Amino acid sequence: MKLATWNVNSVRKRLPHLLAWLDAATPDVVALQELKCETAAMPRAELEAAGWHLAVVGQKSYNGVAVVSRHPIQVLSEALPGDPEDTQARYVEVETGGIRFVSLYLPNGNPAPGDKYTYKLGWMRRLIDHTRTLLAAEVPFVLAGDYNVCPTDDDVYDPAGWQEDALVRPDTRRLYRELIYLGLTDAYRVLNPEPHRYSFWDYQKGAWQKDHGLRIDHLLLAPTLADRLAASGIDRGPRGGEEPSDHTPVWCRLTQ
DNA sequence: ATGGTAGCCTTGCTA
């Protein structure tokens with residue numbers, strides 16, 4: 001079973017890339033982020049015609065997450081629990097292909113410090129709390145998405161230049177470690193120890209050409225699924241295409 | 001010291 005996460009930076013703009021990649025990479029379940037459209041504007045017909053099931057939590061202009069699966073999907077939650085006031089479309093939790101699967105878009109948090117950074121840290125705290133609930137329920141789950149967190153300096157092209165940024169600040173990394181230390185496995189890192197392998201390259205300043213990237217897209221596995229991890233990688237192909245997303249897919253394969 | 005790019009629509013905001 002092949003799982004993936006990809007921040008597409010507008011699903012309407014990226015639909016040809018998405019369809020081509022789904023066809024070539026043959027994943028079973030994919031988490032998408034930054035749809036940048038309302039649920040009703042999701043290009044549902046095109047994806048369903050290609051044989052995909054969908055769960056979509058959209059929002060006008062910003063955010064928006066989805067799960068695309070070869071298997072039927074049961075939607076379990078369309079928001080991260082813990083704050084009824086939070087209306088940003090950043091979380092969808094489903095059951096598909098025999099696992100619990102989450103597509104999440106963790107807040108960027110810049111500029112930091114500030115209101116946006118406070119929101120980010122609160123969101124991370126809520127994610128930790130909800131993960132405890134998932135662990136207690138003993139369901140096999142995957143938390144897939146754009147975390148907007150570089151776990152260590154090995155995940156940043158220029159650590160010194162980025163140390164004040166919301167993606168690498170100590171409070172960000174502290175909460176990310178707290179999440180991981182609940183018992184989750186970073187599916188990419190555990191099998192790929194080489195430093196400076198990235199999933200995002202800014203559009204500006206020739207970042208892609210210079211490999212000035214960040215590793216911020218992660219597949220975090222529940223303890224029971226970590227035992228089934230067979231392979232993982234970052235597929236740099238889509239980032240090098242025409243009019244690409246600024247992120248590229250991260251994937252893993254589970255036995256069975 | 002600044003601006004560089006992309007996508008949305010709000011010709012500014014978010015990233």
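Keep in mind that what you see is a predicted model, and the values were worked out from it rather than measured. To find a chain, count down the sequence lines: A is the first, B the second, and so on, and within it residues start at 1. Hydrogens, waters and symmetry mates are skipped; everything else that's a heavy atom, side chains included, is used.
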Roughly how far apart, to the nearest Å, are B:dT10 and B:dA15 at atom C1'? 16 Å
With a 4.0 Å cut-off on heavy atoms, is A:F200 in touch with a base, just the backbone sugar-phosphate, or nothing at all? nothing
Between A:R14 and B:dA6, is there a side-chain N or O to OP1/OP2 distance below 4.0 Å? no
Roughly how far apart, to the nearest Å, are B:dT11 and B:dT2 at atom P? 25 Å
Should we count CG of A:D158 as having more than 12 external heavy atoms under 6.0 Å? yes
What I want to check is whether the side chains of A:Y157 and A:W162 have a donor and an acceptor closer together than 3.5 Å. yes
Kindly point out which of B:dG7, B:dA15, B:dT10 is positioned nearest to the side chain of A:Y62? B:dT10
Rounded interatomic separation in angstrom, taking CG from A:L35 and P from B:dC8: 11 Å
Aromatic ring centroids of A:Y176 and A:H218 under 6.0 Å? yes
Would you classify A:R239 as touching base, sugar-phosphate or nothing, given that sugar-phosphate means primed atoms plus P, OP1 and OP2, and contacts are heavy atoms under 4.0 Å? nothing
Rounded distance (Å) that lies between atom C1' of B:dT14 and atom CG of A:D165: 14 Å
May I have the distance from A:Q204 (atom CD) to B:dG4 (atom P), rounded to whole angstrom? 9 Å
Would you kindly compare A:K36 and A:N148 by the position of their nearest DNA chain B nucleotide and give the one closer to the 5′ end? A:K36
State whether A:R14 and A:E243 are salt-bridged, where the test is any N-O pair (Lys NZ or Arg NE/NH1/NH2 against Asp/Glu carboxylate O) under 4.0 Å. no
Just how far, in rounded Å, is P of B:dC13 from CG of A:N9? 19 Å
Euclidean distance, atom CD of residue A:E242 to atom P of B:dG7 [Å, nearest integer]: 12 Å
Give a yes or no on whether A:Q209 atom CD has more than 12 heavy-atom contacts from other residues, nucleotides or ligands under 6.0 Å away. yes
Between A:D146 (CG) and B:dA15 (P), how many Å, whole number? 10 Å
In whole angstrom, what separates A:E34's CD from B:dA15's P? 7 Å
Name the closest nucleotide to the A:S61 side chain, picking from B:dG7, B:dC9, B:dA15. B:dC9
Pairwise 5' ranking along DNA chain B for A:R90 and A:V11, keeping only the more 5' one: A:V11
Please report, rounded to the nearest Å, how far the P atom of B:dA15 is from the CG atom of A:D217. 14 Å
Under 4.0 Å, counting only non-hydrogen atoms across every strand here, what does A:K205 touch: a base, just sugar-phosphate, or nothing? base
Whole-Å C1' distance, B:dC9 and B:dA1: 30 Å
